[in-house]
Amino acid sequence: MKKTILILAVFYSVNSIAQQEAPKLTEQWQPEPPVVTPGKTNADAPSDAIVLFDGLNLNAWEAAADQKPAKWKTDDKVMTILKGAGAIKTKQKFGDCQLHIEWRSPAEVKGEGQGRGNSGIFLMGIYELQVLDSYKNRTYSNGQAGSIYKQLPPLVNASRKPGEWQAYDVIFTAPRFNKDSSLKTQARITVFHNGVLVQNDMAIWGASQYIGIATNKMHPEKESIILQDHGDAVSFRNIWIREL
Ligand code: MG
């Protein structure tokens with residue numbers, strides 16, 4: 001009888017130690033995620049971001065066509081497309097990234113459809129996240145603000161009024177290619193428009209095309225980000241990026 005009680009006591013104590021230890025089996029302690037100081041608001045660049053435009057100058061940018069100095073207007077902490085100056089691109093090249101960019105379509109409404117406050121953010125120079133004044137301005141769904149142009153319509157239209165600042169927060173995964181230059185995995189994108197999810201880890205079909213279906217063609221692991229000059233005086237501010 002005494003022996004049985006002893007065995008039971010040992011069994012229960014071992015069992016209770018096992019129960020105490022059990023939660024630890026699924027705890028991962030290493031590696032410890034590095035500490036990053038967040039900005040005062042979600043729009044402010046965190047400590048490990050590369051600031052692409054802080055309102056002072058266009059030093060991080062150059063003309064997309066000829067690598068000459070970017071000619072867009074900078075004024076009052078804002079850069080604005082100078083019609084005809086052409087697209088601008090980042091001097092630095094990026095692949096997988098988190099991008100924050102704020103934009104504003106002109107307060108004075110001119111044109112309609114694709115002709116109103118049109119610009120675009122071309123990730124890796126070829127995948128266009130559309131910038132458009134889509135406030136009460138119907139156009140094709142996969143061409144409105146928050147769309148991946150001519151491919152993926154946004155989940156919702158989270159547009160603010162023309163003349164008001166809007167923000168995109170983007171998580172982008174570059175495509176991967178095989179050694180024989182065939183596509184291994186498509187580019188993927190998540191986009192928040194003014195804090196609202198509009199692209200949820202979507203696969204991008206390929207390089208944006210105005211006419212025809214997008215196709216994938218091998219390109220380097222990192223490329224410049226291009227901002228489009230579509231002839232409308234769209235402004236940008238507070239642009240920062242984190243490489244992933
Ligand atoms: Mg565009």
Side-chain angles (χ1 to χ4, degrees), residues 64-65 72 79-89 97 99-175 186-217 219 223-236 239:
W72 291 13
M79 65 155 114
T80 301
I81 296 169
L82 189 63
K83 190 176 177 176
I88 61 172
K89 66 174 184 177
C97 64
L99 174 70
H100 175 88
I101 184 163
E102 295 173 26
W103 57 273
R104 182 182 66 187
S105 55
E108 189 191 340
V109 173
K110 277 188 205 158
E112 57 181 341
Q114 293 291 311
R116 185 184 297 181
N118 194 334
S119 182
I121 299 150
F122 285 73
L123 293 143
M124 306 198 86
I126 52 176
Y127 307 108
E128 184 183 10
L129 168 58
Q130 174 71 308
V131 168
L132 194 77
D133 174 6
S134 287
Y135 185 83
K136 296 183 179 172
N137 177 35
R138 186 78 179 114
T139 182
Y140 37 95
S141 301
N142 62 356
Q144 71 181 62
S147 69
I148 304 306
Y149 187 70
K150 290 274 179 89
Q151 298 179 34
L152 308 167
L155 290 168
V156 294
N157 182 349
S159 297
R160 293 198 172 116
K161 290 177 184 169
E164 292 184 8
W165 283 103
Q166 314 206 40
Y168 282 153
D169 285 281
V170 179
I171 302 161
F172 176 77
T173 304
Q186 286 168 280
R188 301 197 77 90
I189 194 161
T190 295
V191 180
F192 292 88
H193 182 191
N194 299 325
V196 181
L197 185 68
V198 292
Q199 299 288 347
N200 185 9
D201 188 29
M202 296 297 286
I204 296 176
W205 301 353
S208 294
Q209 302 283 350
Y210 181 52
I211 297 167
I213 300 295
T215 52
N216 280 285
K217 210 171 150 192
H219 57 70
E223 282 292 355
S224 297
I225 292 169
I226 293 179
L227 299 182
Q228 183 183 44
D229 171 10
H230 203 280
D232 299 331
V234 177
S235 301
F236 295 90
I239 309 171

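Everything numeric in this text was worked out from a predicted model, so none of it was measured. Sequence positions, counted from 1, serve as the residue numbers for this chain.
The closest donor-acceptor contact from the side chain of Arg116 to the backbone of Val109 lies at 3.5 Å or more, if one exists at all. Not a single donor-acceptor pair under 3.5 Å links the side chain of Asp201 to the backbone N or O of Thr190. Within the 3.5 Å criterion, the main-chain N or O of Tyr149 finds no donor-acceptor partner in the side chain of Asn142. For the pair Gln144 (side chain) and Ser134 (backbone), a donor-acceptor distance under 3.5 Å is absent. With Gln199 contributing its side chain and Leu152 its backbone, the two residues share a donor-acceptor pair below 3.5 Å. Within the 3.5 Å criterion, the main-chain N or O of Gln130 finds no donor-acceptor partner in the side chain of Ser147. In terms of modelled atom types and a separation under 3.5 Å, the side chain of Gln166 and the main chain of Ser159 share no donor-acceptor contact. In this structure, the side chain of Gln114 engages the main chain of Gly143 through a donor-acceptor pair within 3.5 Å. Side chain of Asn194 to main chain of Ala158: a donor-acceptor pair is present (N/O by atom type, distance under 3.5 Å, no hydrogens or angles).
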_Between Ile239 and Met79, does the side chain to side chain contact (heavy atoms under 4.5 Å, CB included) criterion hold? Intermediate values first, please._
CA-CA 10 Å; Ile239 309 171; Met79 65 155 114; 3.7 Å; yes
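Applying the salt bridge (Lys or Arg N to Asp or Glu O under 4.0 Å) rule to Glu102 yields the partners Arg237; only residues at least two apart in sequence or on another chain are considered. Residues satisfying the ring pair (Phe, Tyr, Trp, His ring centres under 6.0 Å) test with His193, not counting sequence neighbours, are Trp103, Tyr168.
Atom CD1 of Ile148 and atom CG of Leu123 lie 7.5 Å apart (nearest 0.5 Å). For the atom pair Phe122 CZ and Leu129 CG, the distance stands at 10.0 Å (nearest 0.5 Å). Note that NZ of Lys110 and OG of Ser105 are 12.5 Å apart. Values are rounded to the nearest 0.5 Å. Note that the CD atom of Gln228 and the CD1 atom of Ile121 stand 10.0 Å from one another [nearest 0.5 Å].
No side-chain heavy atom of Ile126 sits less than 4.5 Å from a side-chain heavy atom of Glu223. Val131 places none of its side-chain heavy atoms less than 4.5 Å from the side chain of Asn118. Between Glu112 and Arg138, the closest side-chain pair of non-hydrogen atoms is not below 4.5 Å. Pro153 places none of its side-chain heavy atoms less than 4.5 Å from the side chain of Tyr140. Counting heavy atoms from C-beta on, the side chains of Phe172 and Ile204 come closer than 4.5 Å. Annotation: side chain of Tyr210 is in contact with side chain of Lys150 (closest heavy-atom distance under 4.5 Å). Considering only heavy atoms from C-beta on, Asp232 stays 4.5 Å or farther from Ile81 through its side chain.
Taking each heavy atom of Thr80 and Ser235 in turn, the nearest pair found is OG1-OG, 2.7 Å. Minimum interatomic distance between Val191 and Ile189 (heavy atoms only, all atoms of both residues): CG2-CG1, 3.7 Å. Listed here is the closest heavy atom pair of Pro106 and Gly117: CD-CA, 4.1 Å. In plain terms, the two heavy atoms of Ala214 and Gln151 that are nearest each other are CB-NE2, 3.4 Å. The two atoms that bring Ala203 and Gln186 nearest to each other are CB-OE1, 3.7 Å, heavy atoms only. Here the closest non-hydrogen pair linking Asp229 and Gly84 is OD2-N, 3.0 Å.
Below 30°, between 30° and 60°, or above 60°: for Trp72 and Phe236 the angle between ring planes is below 30°, a parallel geometry.
The local environment of CD in Glu164 is crowded, with over 12 non-hydrogen atoms from other residues, nucleotides or ligands closer than 6.0 Å.
Pairs passing the side-chain hydrogen bond (donor to acceptor under 3.5 Å, both in side chains) check and including a residue from residues 119-129, sequence neighbours excluded, read Tyr127-His219.
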